[in-house]
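Have a look at the structure below before the remarks.
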Amino acid sequence: MVILRIRSCGSHAKLPRPELQPEHRRPRALSRGGGGGSGRRNAMNSRPAPLPRATPWRSLPCPRAELRLELVLCGGQTFRWTETSPGYWTGVLAGRVWTLTQSEEQLWYTLHEEEKEDSSREEDGLSEPPQKKGRKQAQPDGSHAGTSEPSESHLPGEASQGVDGLTPSQILQDYFQLHVNLSALYQGWSYVDSHFREVAIKFPGVRVLRQDPVECLFSFICTSNNHLSRITNMIQHLCQAFGRRLCQLDTKTYHAFPSLQAMAGADTEARLRDLGFGYRARFVSESARAVLKTLGGAAGLQQLRSVPYEQARHALCTLPGVGVKVADCVCLMALDKAEAVPVDTHIWQVAKRYYGQELGMGARSVTERVHREIGNFFRSLWGPYAGWAQAVLFCADLRKYQESADPDAKHRCVKVPRSSLSTLT
DNA sequence: GACAAACCTGC
DNA sequence: CAGGTTTGT
């Protein structure tokens with residue numbers, strides 16, 4: 001492992017101090033003029049030297065009010081990013097390994113180059129398309145060249161479809177759905193919901209990711225009766241055992257999310273059981289087969305993006321291990337159904353505590369009736385992006401659990417007009 | 001049609 | 001006992 005140091009800080013005393021980063025150095029927080037997209041934004045003096053086997057740091061405009069990586073990447077939406085050093089997040093997206101960080105106004109990213117085919121590695125070996133050899137990678141080498149889009153390389157799709165032919169910048173904009181004006185949504189929700197208003201102050205920048213449907217579906221199949229740390233572990237094992245190895249950084253190896261074919265293998269269930277998946281092993285294996293057989297595979301899954309929410313939800317619920325909660329998660333986080341509100345016991349508690357005791361009364365658990373009532377309630381309160389608002393509350397709740405809770409908050413109650421109740425779809 | 005118990009493992 | 005689904009009553 002190499003430790004690099006950014007040299008020549010020069011005169012810019014105001015810039016964040018470059019620190020030693022074991023592998024992923026930080027980009028300097030440079031502000032690009034006005035987002036003119038004029039290609040070479042920083043003259044050659046200010047950009048850090050490229051990492052070994054990684055593209056130079058680049059950025060796109062994205063104020064922190066619109067995105068908080070630490071909340072979005074670690075808030076229970078995705079399980080594939082780790083904070084490799086403070087403020088730096090490394091993970092796999094669209095079949096490649098990225099490191100992300102952000103400054104006040106920019107989202108910074110670098111791509112790590114894939115290792116040479118080594119074949120000394122455990123892999124799925126199943127009916128995956130033959131390995132592409134010698135990927136032609138637009139390697140920035142030491143040169144100057146544009147930081148602008150035109151020179152960016154295309155990606156061979158892995159588990160992900162629909163990103164082929166997109167530039168890295170476009171992939172990120174799509175993944176984070178940067179076209180959605182989050183601040184405006186926050187304002188609207190705050191206006192109609194005083195509890196949201198309180199929470200939102202402490203948790204800005206929580207947006208819903210637009211994830212790959214296959215990855216999202218199978219990740220959330222693993223979440224039943226489970227908690228975050230173990231889920232993360234399981235997903236990592238799943239990728240390691242069934243996904244193509246991409247590269248190694250420090251001591252961590254990164255793998256693509258497995259293809260449906262890889263997960264549909266005959267020995268999948270047994271292997272996953274060995275990996276500690278428990279009864280979920282069968283769900284993963286069976287669902288992979290079912291998606292291939294009855295939903296048109298990965299492409300069919302992806303096409304659910306363009307059908308109505310109820311229809312997509314219903315299709316997902318036919319899969320083993322997929323109930324309404326998991327289906328709603330996938331609808332919201334991969335299938336463009338912003339109105340989908342996943343209701344778990346946490347959200348149920350929140351709903352009862354802050355939004356009225358009549359929600360899901362009489363039930364001892366989150367039954368389908370409770371799910372429907374609470375979903376409809378929040379849709380009527382928050383509107384067509386209700387799922388996004390729910391993500392904010394959920395994230396806040398998670399955080400509260402980990403860190404020192406605001407003990408006060410648990411006892412505050414917020415009044416909500418009763419008229420909001422009982423509307424239905 | 002709706003609610004309770006089982007299913008696995010770990011914290 | 002858990003951020004859920006499935007199965008049986």
Side-chain angles (χ1 to χ4, degrees), chain A residues 71-80 199 203 206 208-209 211 216-238 241 268-291 313-334 340-354 359-376 378 387-403 405 410 424:
Chain A
L71 299 179
V72 170
L73 263 22
C74 218
Q77 290 191 52
T78 174
F79 311 95
R80 302 217 68 205
V199 170
F203 296 90
V206 178
V208 170
L209 296 172
Q211 300 183 252
C216 188
L217 170 60
F218 287 87
S219 295
F220 279 93
I221 284 177
C222 297
T223 62
S224 69
N225 249 343
N226 215 345
H227 56 270
L228 197 45
S229 65
R230 186 154 89 107
I231 296 166
T232 305
N233 249 336
M234 286 169 52
I235 303 295
Q236 184 184 318
H237 283 304
L238 173 69
T268 294
E269 179 176 344
R271 292 173 66 191
L272 289 180
R273 279 191 185 276
D274 288 342
L275 291 175
F277 274 58
Y279 60 88
R280 304 167 198 86
R282 185 173 55 84
F283 291 160
V284 170
S285 154
E286 299 283 300
S287 276
R289 293 173 189 172
V291 169
R313 186 187 205 245
H314 179 261
L316 291 173
C317 284
T318 64
L319 301 170
V322 179
V324 287
K325 193 272 182 178
V326 169
D328 275 338
C329 286
V330 179
C331 278
L332 174 64
M333 303 175 202
V341 179
V343 178
D344 54 30
T345 59
H346 265 215
I347 292 300
W348 187 35
Q349 301 306 323
V350 170
K352 282 191 299 190
R353 167 155 292 140
Y354 298 104
L359 281 171
M361 265 325 278
R364 277 194 55 225
S365 63
V366 184
T367 63
E368 197 157 339
R369 177 182 67 89
V370 173
H371 198 90
R372 178 171 34 79
E373 276 185 18
I374 295 181
N376 287 336
F378 281 133
W388 287 56
Q390 179 268 5
V392 177
L393 292 196
F394 183 85
C395 188
D397 214 51
L398 257 187
R399 252 355 226 217
K400 204 178 346 179
Y401 218 114
Q402 294 171 353
E403 300 176 1
K410 295 209 170 248
L424 83 165

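Reminder, nothing fancy here: chain letters follow the sequence lines and each chain counts from 1. Predicted model only: the values in this text are computed from it and were never measured.
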How would you label the contact of A:Pro342 with the nucleic acid (heavy atoms, under 4.0 Å): base, sugar-phosphate, or nothing? nothing

Taking CG from A:Leu272 and P from B:dC8, how many angstroms apart are they, rounded to a whole number? 14 Å

Side chains of A:Phe378 and A:Gln390 in contact at under 4.5 Å (non-hydrogen atoms): no

B:dG10 and C:dT6, which share atom name P, separated by this distance in whole Å: 23 Å

Rounded to the Å, how far apart are A:Trp348 CH2 and B:dC3 C1'? 12 Å

Need one value for A:Leu319: base, sugar-phosphate or nothing, where a base atom within 4.0 Å counts as base even if backbone is also close, heavy atoms only. sugar-phosphate

Considering only atom C1', compute the distance from C:dT5 to B:dC11 and round it to an integer number of Å. 22 Å

Among the nucleotides C:dG3, B:dT9, B:dC7, which one has an atom lying closest to any side-chain atom of A:Arg230? B:dT9

Can you measure A:Arg372 atom CZ to B:dG1 atom P for me and round it to whole angstrom units? 11 Å

Expressed in angstrom and rounded to an integer, what is the separation of A:His371 atom NE2 from C:dT6 atom P? 13 Å

A:Phe394 and A:Phe203: aromatic ring centres closer than 6.0 Å? no

Do A:Asn225 and A:Arg280 come close enough that some side-chain heavy atom pair is under 4.5 Å? yes

Atom CG of A:Asp397 to atom P of C:dA2: distance rounded to whole Å? 14 Å

Provide the distance between the two P atoms, one in B:dA2 and one in C:dG3, to the nearest whole Å. 25 Å

When you measure from the side chain of A:Tyr279, which nucleotide among C:dT6, C:dG3, B:dC8 comes out closest? B:dC8

Tell me the interatomic distance from A:Asn226, atom CG, to C:dG4, atom P, rounded to whole angstroms. 10 Å

Would you measure the distance from the P atom in B:dA4 across to the matching atom in C:dC1 and give it in whole Å? 16 Å

Rounded distance (Å) that lies between atom C1' of B:dC11 and atom CG of A:Asn233: 13 Å

In terms of heavy-atom contacts, A:Leu228 and A:Gly76 come closest through CD1-CA, 4.2 Å

Using a heavy-atom cut-off of 4.0 Å across all strands, would you classify A:Arg273 as base, sugar-phosphate, or nothing? sugar-phosphate

Nearest whole angstrom, please: distance from the P of B:dC3 to the CD of A:Glu368. 10 Å

To the side chain of A:Asn225, which of C:dG4, C:dG3, B:dT9 is closest? C:dG4

Pairing nucleotide - B:dC8, Watson-Crick or G-U, each distance under 3.5 Å: none

Nearest listed nucleotide, side chain of A:Leu228, among C:dG3, B:dC8, B:dA2: C:dG3

Among B:dC3, C:dG3, C:dT6, which nucleotide sits nearest the side chain of A:Thr367? B:dC3

Within the supplied structure, the quantity of interest is the number of heavy atoms (other residues, nucleotides, ligands) at a distance under 6.0 Å from A:Glu368 CD; does it exceed 12? no

Could you identify the nucleotide paired to C:dG3, looking across every strand shown and requiring Watson-Crick or G-U wobble geometry with both distances under 3.5 Å? none

Of the candidate nucleotides C:dG3, B:dA4, B:dC3, which contains the atom at the shortest distance from the side chain of A:Arg369? B:dC3

Please tell me if the side chains of A:His346 and A:Asp397 come closer than 4.5 Å, counting only heavy atoms from C-beta onward. yes

At 4.0 Å (heavy atoms only), tell me whether A:Val324 reaches a base, stays on the sugar-phosphate, or touches nothing. sugar-phosphate

Of A:Phe283 and A:Phe220, the one whose closest nucleotide on DNA chain C sits nearer the 5' end is A:Phe220

